[in-house]
Structures are given as structure tokens and as C-alpha cells.
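Worksheet: the structure to be examined is printed underneath.
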Amino acid sequence: MGQVTIESREFALSNLDKVLWPDDGYTKGELIHYYVQVADYLLPHLRGRPLVLTRFPDGIHRKSFYQKNAPDYLPPWIRTFSWYSEDSQRDIRFIVAEEAATLAWLANQACIEMHPWLSSIESIDNPDFAVIDLDPSPGSRYQDVVDIALVVKELLDNLGLRSYPKTSGSAGLHIYIPVEAVYTYEQVRKFAHVLASMVTEVLPHIATIERAVKKRGHKVYVDYLQNVLGKTLSSVYSVRPRPGAPVSTPLLWDEVSQITPAQFTIKTILSRLRDYGDLFAPVLQDRQNLEPACHKLGLPIF
DNA sequence: GCGGAAG
DNA sequence: CTTCCGCAACGCCCG
DNA sequence: CGGGCG
Ligand SMILES: [Mn+2]
Ligand SMILES: [Mn+2]
């Protein structure tokens with residue numbers, strides 16, 4: 001029942017009319033349709049990267065779970081990557097999405113979010129980007145997030161580094177600084193830490209790197225601690241399990257202050273993609289050298 | 001969403 | 001035969 | 001060293 005063939009991969013889809021977004025009436029079928037439509041833009045950002053998934057079989061308000069280990073019933077044509085986790089002392093078999101059919105199969109599993117690693121299989125210990133994750137607290141305004149993001153950009157400009165913003169899909173923003181895959185996670189994290197500290201010095205009333213939630217108050221958390229092996233951010237074009245079915249969306253720096261993250265959803269993003277193309281395509285090409293910036297900062301890590 | 005364990 | 005349960009846990013920082 | 005965090 002419900003057999004489909006996508007690029008010569010044949011498999012079954014089920015319960016296409018099951019509502020996953022009750023506030024909007026959006027169904028699992030619409031989720032699958034979205035991921036197939038966006039595949040050409042999304043797949044380059046997933047290719048070669050271990051994936052962490054979040055699944056919501058009974059809708060976004062019901063019980064959900066993370067999945068990193070591939071289930072035994074995974075179709076054999078879906079790529080996986082086995083990786084020995086030192087700490088849990090076992091192999092984890094990660095899914096690696098490289099075809100539209102894989103996205104459709106995963107969406108049929110009620111997988112809403114796609115979280116790729118910052119490093120790829122080719123060089124698993126070396127991230128391809130430094131990331132700054134701006135997490136608003138209850139009581140922060142989007143404009144605070146914008147002000148902080150623009151300071152991050154200005155600091156990076158002055159260091160000679162290009163940076164790329166996207167909505168997280170929720171209330172915050174993610175800033176990517178693509179780098180050559182030659183640095184360790186620790187090196188990239190230290191760089192991001194210094195950057196985050198500088199932002200809190202410029203905007204102490206709205207930005208913090210305080211990890212204790214209670215001590216953040218209404219400030220925006222400038223999270224540099226995602227720069228760790230095995231930690232992830234939601235991918236560009238990943239759907240989020242929130243009312244409206246918002247999508248993590250690449251932005252132009254000039255429009256960061258003009259938009260509202262909720263305007264980009266599984267229903268609106270395709271026309272934007274046709275107009276702008278993939279604004280995050282350069283993130284996969286722009287392999288920057290961190291050394292000059294670290295030298296300017298007096299960072300003794302290289 | 002689904003397989004396997006428990007009831 | 002029906003229901004229940006698991007699907008990630010760990011690196012990092014601070015006190 | 002334990003606890004909180006994402
Ligand atoms: Mn975030
Ligand atoms: Mn975060």
C-alpha cells in the first residue's frame with residue numbers, strides 16, 4: 001500500500017493524512033512533499049554528514065524522540081556511517097542523507113528535524129564551520145537577537161572573516177563561519193568563545209554567555225558551545241516542530257532586521273528559493289583560514 | 001512508526 | 001493477542 | 001567533584 005518510486009528507489013509511504021501540526025492541519029504527506037521539493041537545496045548540506053533526527057510520530061505536541069542510531073529496518077540503499085563512541089563504548093550507526101528518496105523515507109518516519117554534524121565523514125575530527133547560536137531567553141525580543149547578530153558580523157568583518165546568518169526556525173539565529181577542515185573542535189570552540197565574549201562586552205545589557213539559565217534573565221544566550229564533536233544545529237531547510245511548521249532559513253545580512261523568523265514555513269520557503277536560490281551555498285565553498293584572525297586576537301592556539 | 005519485550 | 005517501551009546521552013564549564 | 005546545560 002502506498003508504494004512510491006523516487007529516483008528509482010521504491011518504498012512504501014503510510015498514513016499520509018495523519019495530522020502532525022494540529023494547529024495548522026498540516027499532515028505527514030505535506031511534510032514528505034516539502035522535503036522532496038526542497039531536496040536539491042537541502043541535500044548538499046547533509047551530504048557526508050552524520051545525522052541526528054527528531055521524530056514526532058503523533059504530532060508536534062505529543063511524545064517525541066531523538067534518533068542517532070539507524071534502525072535495523074533501515075532500507076539498505078540508505079547510507080550509514082558507523083562511529084565508535086569512546087564514552088558509551090559502542091558503535092553508533094548514523095544515517096547519512098544523500099538522496100531525495102532518503103528524505104522522503106525519513107519524513108514518512110515522522111522525522112521533522114534534521115541535525116547534521118559540523119564535520120563530515122571525510123574529516124570527522126575537523127569541523128567545516130564555527131557556529132554561533134543565538135538563543136533568546138523568555139523575555140528577549142527578536143530585535144535583541146538582531147542587534148547581537150550584527151555585532152558578531154561586524155567583529156568578524158574586522159577580523160577579515162565572512163559569516164552567514166540563518167533563522168533557527170524558532171526564535172533565534174545561527175551564524176556560520178565556514179573554515180578549512182584543518183582545525184580541531186577545540187580550536188574552533190576557543191575562537192568562538194573569544195568572539196562570544198567580545199559580543200557580551202559590546203552589548204552587556206542584552207547578551208550573555210552565562211550557562212546557568214537562572215542567571216541569564218531576559219538576555220540572549222550567545223551559545224558558542226555547539227562547537228563540539230557530536231553536537232549539532234538544525235540544518236538549513238530543516239522543518240521545526242512548532243505551530244506553523246517554520247523552516248530554518250538562510251538570510252542576507254541586509255534583511256536580518258527586516259524579517260520575522262515565523263514567516264518562513266514549509267508553505268512559503270519554495271518561492272523564496274526560486275527567487276534567491278540557496279543563500280547558504282557559499283557556506284560549503286568558502287573555506288576560510290582562521291589563523292590571521294586568531295593572530296589579531298592574540299589567540300595562542302595555533 | 002515500529003520492532004521487541006512484557007503482560 | 002494487546003499493551004508498553006525505547007528510540008541520545010555526553011562534553012563542557014562553573015561553583 | 002557534582003550539577004546544569006544544550
Ligand atoms: Mn539555538
Ligand atoms: Mn543553543
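Throughout, protein chains are lettered first and strands after them, A, B, ... in sequence-line order, and every chain is numbered starting at 1.
- The distance from atom OH of A:Tyr224 to atom P of C:dC12 is 11 Å, rounded to the nearest whole Å.
- Residue A:Gln226 has its side chain nearest to D:dG6 when only D:dG6, B:dG3, C:dA8 are considered.
- Listed nucleotides: D:dG6, D:dG4, B:dG1. Nearest to the side chain of A:Lys231: D:dG6.
- Listed nucleotides C:dA8, D:dG6, C:dC12 differ in distance to A:Tyr66; the shortest reach to its side chain belongs to C:dA8.
- Rounded to whole Å, the distance from CD on A:Glu210 to C1' on C:dC14 is 8 Å.
- Side-chain atoms of A:Glu98 never come within 3.5 Å of backbone atoms of A:Leu43 as a donor-acceptor pair (strictly under, hydrogens ignored).
- Using a 4.0 Å cut-off, no side-chain N or O of A:Lys63 falls inside it from OP1 or OP2 of C:dC5.
- For A:Ser14, the side-chain atoms get nearest to B:dC2 when compared with the rest of D:dG6, B:dC2, C:dA8.
- Atom-to-atom distance recorded for A:Arg240:CZ and A:Ile112:CD1 is 10.5 Å, nearest 0.5 angstrom.
- Here the OG1 atom belonging to A:Thr102 is positioned 8.0 Å from the CZ atom belonging to A:Phe11, to the nearest 0.5 angstrom.
- If A:Asp72 and A:Gln109 are placed on DNA chain B by their nearest nucleotide, the residue sitting closer to the 5' end is A:Gln109.
- For B:dG1, one of the phosphate oxygens OP1 or OP2 lies less than 4.0 angstrom from a side-chain nitrogen or oxygen of A:Asn15.
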The test is salt bridge (Lys or Arg N to Asp or Glu O under 4.0 Å); show your working for A:Asp144 and A:Lys219 and say whether it passes. CA-CA 8 Å; A:Asp144 296 337; A:Lys219 295 180 187 176; over 6 Å; no

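- Between the side chain of A:Arg211 and the base of C:dC14 there is no donor-acceptor pair of N/O atoms closer than 3.5 Å.
- Using a 4.0 Å heavy-atom criterion, one finds that A:Arg55 contacts the bases of the nucleic acid, with or without backbone contacts as well.
- Using a 4.0 Å heavy-atom distance criterion, A:Asn108 is classed as a sugar-phosphate-only contact.
- Distance, A:Asp223 CG to C:dC12 P: 14 Å, rounded to whole Å.
- Atom-to-atom, CG of A:Leu225 to P of C:dC10 comes out at 18 Å; the value is rounded to the nearest Å.
- Comparing A:Ile209 and A:Val228, the nucleotide of DNA chain C nearest to each residue sits closer to the 5' end for A:Val228.
- Using a 4.0 Å cut-off between charged side-chain N and carboxylate O, A:Lys166 and A:Glu255 make no salt bridge.
- In this structure, the OH atom of A:Tyr73 is 5 Å from the C1' atom of B:dC2, given to the nearest Å.
- Taking only side-chain nitrogens and oxygens, A:Arg189 comes nearer than 4.0 Å to OP1 or OP2 of C:dC12.
- The aromatic rings of A:Phe94 and A:Trp117 lie perpendicular to each other, with more than 60° between the two planes, well past the 30° mark.
- In this entry the distance linking CZ of A:Phe94 with P of C:dC7 reads 14 Å, nearest Å.
- The interatomic distance linking A:Lys214 (NZ) with C:dG15 (P) rounds to 14 Å, in whole Å.
- Comparing A:Lys68 and A:Asn227 along DNA chain C, the residue whose closest nucleotide (by nearest heavy atom) sits nearer the 5' end is A:Lys68.
- Here A:Val52 lies out of heavy-atom contact (under 4.0 Å) with every strand.
- Distance A:Arg62 CZ to C:dC4 C1': 15 Å, rounded to the nearest Å.
- For A:Arg216 and D:dG6, the shortest distance from a side-chain N or O to OP1 or OP2 is below 4.0 Å.
- Contacts of A:Asp58 with the nucleic acid, taken as non-hydrogen atoms under 4.0 Å apart, are absent.
- Only the P atoms considered, D:dC5 is 24 Å distant from C:dA8, to the nearest whole Å.
- A:Lys267 and A:Glu30 are joined by a salt bridge, as a carboxylate oxygen and a charged side-chain nitrogen come within less than 4.0 angstrom of each other.
- Nucleotides C:dC10 and B:dG1 are separated by 27 Å at their C1' atoms, to the nearest Å.
- With centroids closer than 5.5 Å and planes inclined by less than 30 degrees as the test, A:Phe65 and the base of B:dG1 pass as a stacked pair.
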